[in-house]
Amino acid sequence: MGQDEGYLLDNRQVEAGARFDALSALFDASTFRHFESVGIDKGWRCWEVGAGGPTVCAWLAERVGPRGRVLATDIDVSWTETAAAEGVEVLRHDVALDKPPAGPFDLIHARLVLVHVADRDAALRSMVQALRPGGRLLIEDADPALQPLICPDEYGPEQELANRLRHGFRELLRQRGADLSYGRKLPRLLREAGLADVGADAYFPIASPACDVLEAATVHQVRDKLTAAGLATDEEIERHLANIAAGRLDLATSPMISAWGRRAPEGSL
Ligand SMILES: C[S@@+](CC[C@H](N)C(=O)[O-])C[C@H]1O[C@@H](n2cnc3c(N)ncnc32)[C@H](O)[C@@H]1O
């Protein structure tokens with residue numbers, strides 16, 4: 001794969017750290033609530049797929065305690081590595097291409113990963129295979145097409161510019177094979193994968209300081225690609241960054257769909 005293909009928001013860029021902090025501020029509380037309702041306990045073996053930053057896998061390590069196991073994998077573990085100090089095993093691993101790591105696991109979780117993975121069907125199969133009978137899968141992914149506006153309240157030119165640049169960002173994602181309607185498909189995909197007790201819900205903030213941080217870091221990260229593709233000018237990007245800094249945009253995110261299911265116990269199929 002060429003340097004300019006594949007995952008758009010490369011973890012090696014400095015903005016990735018700010019993006020992971022913002023994702024944590026926006027979504028960790030909801031993710032942790034889902035873990036508690038889907039099932040998590042002392043001694044459990046967990047696999048955090050496409051971990052990115054350290055907060056989710058560190059929370060899992062604390063929750064499962066010293067008798068448990070937490071494996072955090074990513075194609076680029078630069079921002080995950082600090083979780084090793086919390087007892088997390090960190091491994092460079094491509095969920096679509098590499099064999100699943102040695103398991104089985106009681107709980108497997110991936111947040112905002114599969115939407116970016118071209119062979120997301122293979123990735124999902126690999127996760128389901130790695131579950132123990134009765135093990136839980138929680139997949140959380142965006143559905144940008146369900147609510148495409150970064151400024152749902154488009155009341156003036158600043159908000160209109162923000163939504164236009166968001167449209168350009170989505171175009172870049174689409175060109176790299178992202179499925180922008182993936183989130184809504186998760187309940188069906190989990191059922192088709194043979195999971196039982198499948199359920200799903202959706203969440204997104206309508207305005208939050210962390211949305212501003214996330215958008216500024218994302219725009220910095222992709223600005224060259226936006227201009228090279230003719231999707232924005234440097235002047236528009238500078239204007240948008242100034243508008244974000246002024247704090248009046250009420251930026252939202254795409255809806256995050258959380259979908260869960262349980263691998264049927266041996267002999268029950
Ligand atoms: C948008 S970030 C989300 C990070 C984290 N899960 C969160 O919600 O804060 C997507 C992450 O998926 C990782 N990723 C992308 N493609 C992957 C693949 N094929 N296998 C494993 N991880 C991948 C990226 O490196 C990045 O860390």
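Counting starts at 1 for both ligands and their atoms, in listed order.
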Where ligand 1 meets [X] - atom numbers and elements under 4.0 angstrom, heavy-atom basis:
X	value
D94	18 (C), 19 (N), 20 (N)
H93	20 (N), 21 (C)
L23	9 (O)
G52	4 (C), 27 (O)
F20	2 (S), 4 (C), 27 (O)

Side chain, backbone, both or neither: [X] near ligand 1, heavy atoms under 4.0 Å:
X	value
E140	neither
A123	neither
V95	both
F27	neither

Pairwise side-chain contact, L195 with R263, heavy-atom cut-off 4.5 Å (strictly under): yes

Nitrogen or oxygen of R19 less than 3.5 angstrom from that of ligand 1: no

Nitrogen or oxygen of D74 less than 3.5 angstrom from that of ligand 1: yes

Option nearest atom 6 (N) of ligand 1 (shortest heavy-atom distance, choices S24, G50, C57): G50

Min heavy-atom dist G53 to ligand 1 below 4.0 Å: no

Gap separating the CE atom of M127 from the CH2 atom of W47, nearest 0.5 angstrom: 6.5 Å

Side-chain donor or acceptor of R136 paired with backbone N/O of G134 under 3.5 Å: yes

Heavy atoms from other residues, nucleotides or ligands near NZ of K42 exceed 12 (cutoff 6.0 Å): yes

E36 with R33: basic N within carboxylate O range, under 4.0 Å: no

Axial cation check for W44 ring with R132, 6.0 Å and 45° limits: yes

Show which side-chain atoms of residues 82-91 pair as donor or acceptor with protein atoms under 3.5 Å away, not counting sequence neighbours.
from	atom 1	to	atom 2	distance (Å)
E89	OE1	R69	NH2	3.2
E89	OE2	R69	NE	2.8

Donor + acceptor pair across side chains of T55, D28 (<3.5 Å): yes

Plane angle bin for W59 and F35 - parallel if under 30°, tilted between 30 and 60°, otherwise perpendicular: parallel

